[in-house]
Visitor: 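Input: one structure, supplied below.
Note on naming: letters A, B, ... go to the chains in the order of the sequence lines (proteins, then strands), and numbering restarts at 1 for each one.
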6 protein chains.
Amino acid sequence: MLLHLSTWSEVEQFLKRNQTIVIPIGSNEQHGPTGLLGTDWLCPEIICREAEKQADILVAPTFNIGMAQHHLGFAGTISLRPSTFIAAIVDWTRSLARHGFEKILFLNGHGGNIASIEAAFSEIYAEASFAGRRAGFAMKLCNWWDLEGVGELAREQFPTGHGAHATPSEIAITQWAFSDAIKYADYAPRIAPSGPIREALDFRARYPDGRMGSDPGQATPEKGRALVELAARSLAAELAAFGSEPVPA
Amino acid sequence: MLLHLSTWSEVEQFLKRNQTIVIPIGSNEQHGPTGLLGTDWLCPEIICREAEKQADILVAPTFNIGMAQHHLGFAGTISLRPSTFIAAIVDWTRSLARHGFEKILFLNGHGGNIASIEAAFSEIYAEASFAGRRAGFAMKLCNWWDLEGVGELAREQFPTGHGAHATPSEIAITQWAFSDAIKYADYAPRIAPSGPIREALDFRARYPDGRMGSDPGQATPEKGRALVELAARSLAAELAAFGSEPVPA
Amino acid sequence: MLLHLSTWSEVEQFLKRNQTIVIPIGSNEQHGPTGLLGTDWLCPEIICREAEKQADILVAPTFNIGMAQHHLGFAGTISLRPSTFIAAIVDWTRSLARHGFEKILFLNGHGGNIASIEAAFSEIYAEASFAGRRAGFAMKLCNWWDLEGVGELAREQFPTGHGAHATPSEIAITQWAFSDAIKYADYAPRIAPSGPIREALDFRARYPDGRMGSDPGQATPEKGRALVELAARSLAAELAAFGSEPVPA
Amino acid sequence: MLLHLSTWSEVEQFLKRNQTIVIPIGSNEQHGPTGLLGTDWLCPEIICREAEKQADILVAPTFNIGMAQHHLGFAGTISLRPSTFIAAIVDWTRSLARHGFEKILFLNGHGGNIASIEAAFSEIYAEASFAGRRAGFAMKLCNWWDLEGVGELAREQFPTGHGAHATPSEIAITQWAFSDAIKYADYAPRIAPSGPIREALDFRARYPDGRMGSDPGQATPEKGRALVELAARSLAAELAAFGSEPVPA
Amino acid sequence: MLLHLSTWSEVEQFLKRNQTIVIPIGSNEQHGPTGLLGTDWLCPEIICREAEKQADILVAPTFNIGMAQHHLGFAGTISLRPSTFIAAIVDWTRSLARHGFEKILFLNGHGGNIASIEAAFSEIYAEASFAGRRAGFAMKLCNWWDLEGVGELAREQFPTGHGAHATPSEIAITQWAFSDAIKYADYAPRIAPSGPIREALDFRARYPDGRMGSDPGQATPEKGRALVELAARSLAAELAAFGSEPVPA
Amino acid sequence: MLLHLSTWSEVEQFLKRNQTIVIPIGSNEQHGPTGLLGTDWLCPEIICREAEKQADILVAPTFNIGMAQHHLGFAGTISLRPSTFIAAIVDWTRSLARHGFEKILFLNGHGGNIASIEAAFSEIYAEASFAGRRAGFAMKLCNWWDLEGVGELAREQFPTGHGAHATPSEIAITQWAFSDAIKYADYAPRIAPSGPIREALDFRARYPDGRMGSDPGQATPEKGRALVELAARSLAAELAAFGSEPVPA
């Protein structure tokens, strides 16, 4: 069930049988010579929508702008500051908790978001902790590549040159979902360099075409399909498990 | 051109010929017994994507969560606080200005966003104004129902019962775009009541099914198609006009 | 009754019979060659004080600095950022609600404040809405030129050249109230240009003497007197009506 | 010269001969059984306006709401939080510095404001200090009772029972300025108790009628006149001295 | 009892007999040619630890970074902005109040902190005051040089050249506690100049070696020992007195 | 070299030969029945001070309060909110960068800090990235247990029951450094349970004595000595390597 294509009374009905919701969250940022700017929010959105076809889960709208300050040297990147990002997650979470959602899972598509998502969780839990009361709900961060079996499949598909940014696995997923938007380029070097992440000008100097450690030339729509199908099944299982965890009163 | 389906170098190319971008912006909030929770962000997204098929414009990802505190009494509504919303628009705008966009148009789908979008513009311009320097870019707010001719068409289609929330025009647009997600209900009364907007519990007491002044039963996909086609043409014209305004140095 | 010339026990007595208060709110900003920098906060203050002579209403101190970033290119302008302005309105409102005021009306004298006042209302109501509780009070924004009959009178007095900033109606009001501070200038052109509002340097380039669309040369103290008298009567009626609206429990 | 009754070009002229401005700043809070709620912002405003009649000084609008959380147990008190207060002073100061004011003096009427005004100064100077650049302007806090000779006169007028809140000296000043608003009450005890300042309920329990250590029954309009006349002369001298201090380049 | 060398159950035991805690608070900033950068946080820490040997008191970890923007022109200075400082004190205080501490005393070592500590207290109390409830705890600021008898002893030890920054008394205390870190320099002039405090570049121009009004050459470890011993005794008494004050319910 | 025991001119000298600084950072929070509340800030402080005896490194004061909201159910825990923590790291870093430090290494002692430290780095780098300029300095996070060889040694010392909170390795380090403050308790169960981290009441319900997955009974001062000696050597090497990395201009 896609929340944005539902009415409020349909959501109210859903809540009577299930208090778990998944939020696809990513970033809109450069992904090398061939990766789509939306890659990091499209991947979790694609996986959620595939899972939603197979299981009775509720998918929130996509949180599509994330922590991408280091990519601002490349056109099209849009970034929040961590302080803004945290405030926004606080508001999303408060809204959903207000309706009775007790388990809120963020399916994340951007490694750079992890720290700020966890910081946001602390900000939210801290309200209850300072006040000496129960939160009444639990949040969980799950990166799509950490879903059961997905990392293994990606390593099998791309034993070398998977890298850390503009990876062949994420490119493959968007190729499968948006076959009209597959882009081609010569990669030089074939596997991009690796190193630290700092401010945008430093990033562009180190990683001139935007890739980090990856060879996205290995991506194919077919590999993407396999990743999405597995990830969707694992997500449904993850949501079921999270949903059945007791929330202590 | 859809930014999220483009690469950074495609956006860089676009910027050489055109420094204007449009951001669909809305809200995810209850829209009465039959309206989709995503209505207010789907409408500007639908119109932008239609316009993009016909004209060389660049469409940013959709800013999908807005000012919906008053709808929090209905399940599925997600709201930012104005302070969060303003901070997020500051960050989106800084990111785009950083790349060289000189005209940033927000195509808005939610009346409740207007005040906070304009407040955000002041917050952004104030940085330049306090510093005594030029901003280097201009922002503009345009509600889709204010696009050339669109209001007239809606009044013609729905001479009574258009109302202010869950209007037949917005419902019609989503019916056209998501024909699988058309919902039905009996509306009682046919035209919903009108009145002030305050906190969520007050809102739900005044407007029990979520509508304000509207009779969405008049919506049809065909009317939606007409609205979208006109709005898309007007948006393309609006962007061309805005883009050709000089930015004083 | 002027709050600042009352004691706390007089206010406590007032609250037993009346839970409504009016806050004059404006901006301190340039008003063209002849307009006073205080025009936008003086006008609502003048109207409130006139109304207070005739009716049992309570007038708060004047909120005198507003959203004027675009006027910072002209000496004497003082502006808040929207984020500061919102925080201040939150604090004023919390203070008054704490004492038992249930209806808080902002009588506004600056068009540029409207968006940020409404954003502030959302920020305040959102606290109750996220918490799922009643606010316990209602806020209302009323521009003095929108008081019953006032716009009509101004259009009658100034059929052309009323404009949007440094209007003859606001100049007339301050001329009546501060007859020692009437200023004279040649206006060239007689009616100032119109256009968009952006950052301060852009504003000064577009509107070299500070006026927007107006011909303040038409102002006279006598016209100001008529405006104030009508506005004061309408304000008293507005407060009575707002005060008698039920606050749902 | 009163800024709010001047035009922008008059302020521009003033700035050519004088780069100093004074801001009356106070608080709107209960002042015991007979003190006006506006006492703390009225006193500096009264003194500034008296000084302005005698010397070529520029008086900004009054900053009328301050640090009064401890008085919120008494009706009519309006308070900012320190964080809001600091943000507002930052914005006032940036606005004035933008126009070329190099010396900004806050004439303060509320002891409770001192800490937050000084914190605001640090917040403002810190911008320059972190950036390693000159501020380009200087701020100064001056309480009206610390103006040359004023404390001595007050001690002479009120050798006992001056106290710390709702003092006879401040009451006397407002009696002189607002002779129509003189209030009477029996004070029991004649001299109010003293002690610490904490939250509002604690304050009201300790100081049941709102006074701290004072016997305002000693106030007379005539004593107020003497205080204002002396304070106005001293303020003019203070502004001249501050204005002539060099601002290191 | 040093909190950081205790377990949570030891603190829980302490709370059963005593609900008072002392937080050493200072600043890390230049202290002239011979003063340690840590002087302002070391002095209260040294005094607290000495007191803790003699009395059953609980000493929190040291709040070691304060309001030092004006010293940023000298290497090694670390400063918070007042807004950050206030937020941090809010969090420390909420944490301690959560555990049941009813009296929280800040033993301060830096004059520049006073304003922002008091502003923080207002920020904290304001939460209770706006909500119309009791805080449940009290905070107190005590500068170590204001402890009973300490100022008198310092004036006796250093009748001239005590000054305001890098004072011989604070230098003496650190000399006694860190005899391996005693530094020597020629002071020219012997007594440093005095004047206002503004931004960092202004400060360095006025006070070239960092001292303000002081002659630290008079410091000796032996004088430091006397100051610490007296201050420790007075602190224990101060804590006992503060702890025995009733907290009104 | 310990910054807090140095003068500003000593730091200025250091900066001529070395532009790297290390900041010990941790948390003050419960550490089970026998762990010191200061464990997480003491461990990096101890390691830094040991390293400082052997190598020409500069150690900043300790950032001693961190992300501990989940431990607030246990007396003595003090926590910042992530938003406060980020603001403080921004200020520390700006201060140090202002003096010319180009490499700022945070030696961290608390797993719960990792996310918020990385979020703070993004917040800081974002300033440069939005402005399109170089930062001029680099930050690095290093957990003491990740220093070269340290994790291996800990696993060798504690092949089972190391766990995640109140680990025998951190307890051992504080036992070695504070042999007077070694505490004893019976642990039941010997190895504490594991699980998720949420708000404070949830944490206390899951982990009744405060430990997570650990058996601190295995700690000895001698094992602590070995860990500190190795960690100190590795830290010196880490700082040398980080310091010699070029900062691109």
Visitor: Based on non-hydrogen pairs under 4.5 Å, which of C:Ser95, C:Gly100, C:Ala200, C:Gly38 is most in contact with chain D?
Guide: C:Ser95

Visitor: What residue in D:Glu29, D:Arg98, D:Glu12 has the most heavy-atom pairs under 4.5 Å with chain C?
Guide: D:Arg98

Visitor: So which residue, D:Asp209, D:Thr174, D:Ile21, D:Thr93, ends up with the most heavy-atom pairs under 4.5 Å with chain C?
Guide: D:Asp209

Visitor: Quick one: of D:Leu15, D:Leu37, D:Thr39, D:Leu2, who has the most non-hydrogen atom pairs under 4.5 Å with chain C?
Guide: D:Leu37

Visitor: Using non-hydrogen atoms and a 4.5 Å limit, figure out which bit of C:Leu42 sits close to chain D: side chain, backbone, both or neither.
Guide: side chain

Visitor: Using non-hydrogen atoms and a 4.5 Å limit, figure out which bit of C:Ala185 sits close to chain D: side chain, backbone, both or neither.
Guide: neither

Visitor: To the nearest 0.5 Å, how far apart are OG in D:Ser6 and NE2 in C:His31?
Guide: 14.0 Å

Visitor: Sort D:Leu5 into side chain, backbone, both or neither according to what part of it lies under 4.5 angstrom from a heavy atom of chain C.
Guide: both

Visitor: What parts of residues 59-84 of chain D touch chain C if we use heavy atoms and a cut-off under 4.5 Å?
Guide: D:Pro61, D:Thr62, D:Asn64, D:Ile65, D:Leu72, D:Gly73, D:Phe74, D:Ala75, D:Gly76, D:Thr77, D:Ile78, D:Ser79, D:Leu80, D:Arg81, D:Thr84

Visitor: Go through the atoms of C:Thr34 and report whether side chain, backbone, both or neither lie under 4.5 Å from a heavy atom of chain D.
Guide: backbone

Visitor: Can the ring centroids of C:Trp41 and D:His4 be said to lie less than 6.0 angstrom from one another?
Guide: yes

Visitor: Distance to the ring centre below 6.0 angstrom and angle to the axis at most 45 degrees; does that hold for D:Arg204 and C:Trp8?
Guide: yes

Visitor: Which one, D:Ala88, D:Ala181, D:Ser9, leads in non-hydrogen pairs under 4.5 Å with chain C?
Guide: D:Ala88

